[in-house]
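Here the structure is laid out as structure tokens; the discussion comes afterwards.
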Amino acid sequence: MNLAGLINLLGYAMGISLYAILLAIVLRHPTHVGSASDSSRTGNQPGPSVNGLMLATAILGLLWNVGALATYGMRGFGFANTSPILSAISLTALGFLPAVVVQSVLLNRLGQTNSKISRTISIAAYALSAVAGALHFYDALVVGTSPSLWALRLLTFGYVVLLVALFLSTRRQEGWKKAIWWRYMLRTTAA
């Protein structure tokens, strides 16, 4: 038995469990726009609620972990023939997780949710993830391999630039709030 494969399998199984719990919590306790739990929103602007971002996080996390379990987790046990499409789906989901974190950070900044800088950073994060996802699918469909090295490089260097922009745009935020998102973003982009 391959110890590294067993550790990967355990990690993906734990990820599936945790994101499934998050999904159950979000679905069981929906947030209504304008409610007290949605107080981070300012005014009646359109856009996702905090609950919508948690739902997106849960779905993306589940897609990543289920796909990674089927693609990478089973490789340690001799199952080498996995679909590049499945890998592209899971890697695209993983690529969108930092974009959701970026939007969550920007949404939770009181009084700053509609600033031009916040919108630009948020749009850039989703665009970066979408382009990387398209590269993953291109390689999976045309070349027959996954992951796309160009997509992984784009996500890595693109989110480093966005992290700097996000850090500079939130430099007046209280220290503990900044530390929480900063730690989560570093952990998400390192994955």
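Note that the coordinates shown come from a computational prediction; the quantities given were computed from them, not determined experimentally.
To the nearest 0.5 Å, atoms CG (Leu10) and CD1 (Ile7) are separated by 8.0 Å. Taking CD1 of Ile16 as the start and CG of Leu23 as the end, the distance is 13.0 Å to the nearest 0.5 Å. Once rounded to the nearest 0.5 Å, the distance linking CG of Asp139 with CD1 of Ile85 reads 10.5 Å. Rounding to the nearest 0.5 Å gives a distance of 11.5 Å between CG of Leu97 and CD1 of Ile59.
Residues Ser122 and Val102 come closest through the heavy atom pair CA-CG1, 4.3 Å. Across all non-hydrogen atoms, the minimal contact from Leu86 to Ala70 is CD2-CB, 3.5 Å. Among all heavy-atom pairs drawn from Leu62 and Ala20, the shortest one is CD2-N, 3.8 Å. Taking all atoms of both residues into account, the shortest heavy-atom contact from Leu128 to Gly158 is CD2-C, 3.5 Å.
For Phe157, the CZ atom sits in a loose shell: 12 or fewer heavy atoms of surrounding residues, nucleotides or ligands are nearer than 6.0 Å.
Using a 4.5 Å cut-off between side-chain heavy atoms of Ile, Leu, Val, Met, Phe, Trp and Tyr, with links allowed through other members, Leu22 and Leu27 fall into the same hydrophobic cluster. Under the 4.5 Å side-chain heavy-atom criterion for grouping Ile, Leu, Val, Met, Phe, Trp and Tyr, Leu154 is connected to Trp150 within one hydrophobic cluster.
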- Item | Derivation and outcome, side-chain contact (heavy atoms from CB on, under 4.5 Å), residues Phe137 and Ile89 | CA-CA 8 Å; Phe137 277 100; Ile89 291 169; 3.6 Å; yes
- Message: Assess the residue pair Leu91 and Ser146 against the criterion (side-chain contact (heavy atoms from CB on, under 4.5 Å)); give the C-alpha distance rounded to whole Å, side-chain angles, the decisive distance to 0.1 Å, and a yes or no.
- Response: CA-CA 9 Å; Leu91 287 166; Ser146 184; 3.9 Å; yes
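The shortest distance between side-chain heavy atoms of Val100 and Tyr126 falls below 4.5 Å. Proximity of Leu94 to Leu60: side-chain heavy atoms (C-beta onward) are nowhere separated by under 4.5 Å. Side chains of Ile21 and Ile25 form a contact here, defined as non-hydrogen atoms less than 4.5 Å apart. At a threshold of 4.5 Å between non-hydrogen side-chain atoms, the residues Gln103 and Ile121 do not count as touching. In this structure, the side chains of Leu168 and Val164 come closer than 4.5 Å at one or more pairs of heavy atoms. A heavy-atom distance below 4.5 Å is not found between the side chains of Leu63 and Tyr19.
With Ser129 contributing its side chain and Gly95 its backbone, the two residues share a donor-acceptor pair below 3.5 Å. A distance-only check finds a donor-acceptor pair linking the side chain of His136 to the backbone of Ser148 [under 3.5 Å]. Side-chain atoms of Thr120 come within 3.5 Å of backbone N or O of Lys116 as a donor-acceptor pair. A side-chain donor-acceptor contact under 3.5 Å links Tyr159 to the backbone of Ala125.
One side chain, Ser87 or Tyr72, offers a donor N or O that lies under 3.5 Å from an acceptor on the other.
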